[in-house]
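Below is the structure I would like to discuss, written out as structure tokens.
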Amino acid sequence: MKKVIIAAVAVMGIVLAGCSSKQSTNKPSDTVTIVNHAQKAAHGIKSGNVVLVNKNTQNKKTSTGKFTAKFHLDPMIVQAKLNNATGLVKNYDYFIDGRTVYIHADNSWSKQRLPKKSPLIKSVRRQVSGSAAVKAMQYLKKHLKLQKNQTTDVLSYNGHGKLGSMVAKKLILAEANNSESTKNVLKKVTITKFVYKYTLNKKTYLPTNTYIYMQYQDKSSKKSITEEVTSTYSNVNQVKKFKVPDAIKHNAPKTNQVNE
């Protein structure tokens, strides 16, 4: 269950369209106006740098994973480093160029050709673009609080009721491609708290930081687990195009195609 939740929160989907249920003669609130601008800006993200930190806490022990990436989305190319304190391979670098993944682990590079519509590529795309946070924003649109600062605005939600539980589970299912196994796992889980913060640049409405926190409990064991995912963005839409270095592209040996 832990792996399902971590993968699901790692944030990252399709921006849903929506509008206020108020009559057209009424002006939208400042919060709704900023949400609309933020959604539009997020949909226009083409490149950037992102640092994503995931913390999982259970039985008073916390494990941390860190994902650092530079990216372009059209066409998609990502240069990333993954630090995973609990994984078998604790640190590795990789490039994704189209459907080809170049992985540096155990002091050597290798490359793999992924199948079309690869879930792995979709997942990485969601992570770098922050689409999970944007999807949550749509669900929470009418319940978000707005805090205005000098250079940023912050949209936030803090709750433990049906709305927070619904949003958390929808994000998990979206990341898992609505698989039946994930649906079955979620039947055994109670979401006890959901916290959301989306910080955006006041002028461009582009994200500078997103934060998603979930606290959930296994219905049978009653054990409580928390997940925190913090994403920090910089140079959004300002990263120059880059390529996989020729030395890696031409010299990395091929491995068997993976089903990811």
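In this text the structure is predicted, and so the values were computed from the model without any measurement. Keep in mind that the numbers below use all heavy atoms, side chains included, and drop hydrogens, waters and symmetry copies.
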Review point. What is the minimum heavy-atom distance between V189 and K169, and which atoms define it?
Key: O-NZ, 3.4 Å
Review point. Any side-chain heavy atom of V35 sitting closer than 4.5 Å to one from Y198?
Key: no
**Study point:** side chain to side chain contact (heavy atoms under 4.5 Å, CB included) assessment of Q127 paired with F67
**Key:** CA-CA 9 Å; Q127 289 175 6; F67 169 82; 3.6 Å; yes
Point to revise | Heavy-atom check, side chain of P207 versus side chain of L200, under 4.5 Å | key: no
Point to revise | Euclidean distance, L155 CG relative to L140 CG, rounded to 0.5 Å | key: 10.0 Å
Check your understanding: Checking N235 side chain against Q238 main chain: does a donor-acceptor pair fall under 3.5 Å?
Key -> no
Review point. Has the side chain of D97 got a donor or acceptor atom that lies under 3.5 Å from a matching backbone atom of T100?
Key: no
Review point. Near K241 NZ, under 6.0 Å, is it more than 12 heavy atoms from other residues, nucleotides or ligands?
Key: no
Exercise for review: Spell out, yes or no, whether M76 and L120 are grouped together once hydrophobic residues are joined by side-chain heavy atoms under 4.5 Å, including indirect joins.
Suggested key: yes
Exercise for review: Using the salt bridge (Lys or Arg N to Asp or Glu O under 4.0 Å) rule, collect all pairs that involve residues 196-213, keeping only residues at least two apart or in two chains.
Suggested key: D153-K202
Review point. Between L173 and S179, which heavy-atom pair has the shortest distance, and what is it?
Key: CD2-O, 4.5 Å
Review point. Quick one: does NZ or CZ of K70 land under 6.0 Å from the six-membered ring centre of F242, within 45 degrees of the ring axis?
Key: yes
Practice item. Would you kindly say whether Q217 and T192 are connected by a side-chain donor-acceptor distance under 3.5 Å? Key: no
Check your understanding: Quick one: do Y94 and I121 end up in the same hydrophobic cluster if we chain Ile, Leu, Val, Met, Phe, Trp and Tyr together by side-chain heavy atoms under 4.5 Å apart?
Key -> yes
Review point. Any donor-acceptor pair under 3.5 Å linking the side chain of T208 with the backbone of T199?
Key: yes
Exercise for review: Quick one: closest heavy-atom pair of S129 and Y233, and the distance?
Suggested key: C-OH, 4.0 Å
Check your understanding: If we ignore angles and hydrogens, is there a donor and acceptor under 3.5 Å between the side chains of N209 and T232?
Key -> yes
Exercise for review: Keeping the roles fixed (side chain from K111, backbone from K249), state whether a donor-acceptor pair exists under 3.5 Å.
Suggested key: yes
Review point. Below 4.5 Å, heavy atoms only, C-beta onward: do T226 and K193 meet side chain to side chain?
Key: no
**Study point:** Close side-chain approach of D30 and K148, heavy atoms under 4.5 Å
**Key:** yes
**Study point:** Contact check, side chains of F95 and W109, non-hydrogen atoms, under 4.5 Å
**Key:** yes
Practice item. Scan side-chain atoms only and decide if T31 and S29 contain a donor-acceptor pair under the 3.5 Å cut-off. Key: no
Check your understanding: Judged by atom type as modelled, is there a donor-acceptor pair below 3.5 Å linking the side chain of R99 to the main-chain atoms of L114?
Key -> yes
Review point. Taking the side chain as C-beta and beyond, is there a heavy-atom pair between K219 and K187 under 4.5 Å?
Key: no
Point to revise | NE2 on H72 to NZ on K240, rounded to 0.5 Å | key: 10.5 Å
Practice item. May I ask whether I103 and L82 are part of the same hydrophobic cluster, defined by side-chain heavy atoms of I, L, V, M, F, W, Y residues being less than 4.5 angstrom apart, directly or through others? Key: yes
Check your understanding: If you measure only the distance, is there a donor-acceptor pair under 3.5 Å linking the side chains of N158 and K145?
Key -> no
Review point. N149 and T152: side-chain donor and acceptor closer than 3.5 Å?
Key: yes
Point to revise | Approximate separation, where rounding is to 0.5 Å, of K46 NZ and F71 CZ | key: 11.5 Å
Review point. So, the side chain of N59 versus the backbone of K61: is there a donor-acceptor pair under 3.5 Å, distance only?
Key: no
Check your understanding: Quick check: are there more than 12 heavy atoms from other residues, nucleotides or ligands sitting under 6.0 Å from NZ of K183?
Key -> yes
Review point. So how far is it from M137 CE to I34 CD1, rounded to the nearest 0.5 Å?
Key: 10.5 Å
Check your understanding: Among L171, L144, V167, whose side-chain contact (heavy atoms from CB on, under 4.5 Å) with Y196 holds?
Key -> L144
Practice item. Mind checking the OG-CD spacing from S224 to Q215? Nearest 0.5 Å is all I need. Key: 4.0 Å
Check your understanding: Is any side-chain heavy atom of L186 less than 4.5 Å from a side-chain heavy atom of I172?
Key -> yes
Review point. Would V239 and I96 show up in the same hydrophobic cluster when neighbours are defined by side-chain heavy atoms closer than 4.5 Å?
Key: no
Exercise for review: Could you tell me whether D93 and K81 make a salt bridge, using a distance below 4.0 angstrom between a side-chain N and a carboxylate O?
Suggested key: yes
Review point. Between E228 and Y211, do the side chains contain an N or O donor and an N or O acceptor separated by less than 3.5 Å?
Key: yes
Check your understanding: Does some side-chain heavy atom of L206 sit less than 4.5 Å from a side-chain heavy atom of N237?
Key -> yes
Check your understanding: Is the side chain of N54 donor-acceptor paired with the backbone N or O of V229 at a distance under 3.5 Å, no angle test?
Key -> no
Check your understanding: Any chain of hydrophobic side-chain contacts (each under 4.5 Å) joining V195 to Y157?
Key -> no
Point to revise | Pairwise distance OG1(T230) to CG(L52) - rounded to 0.5 angstrom | key: 8.0 Å
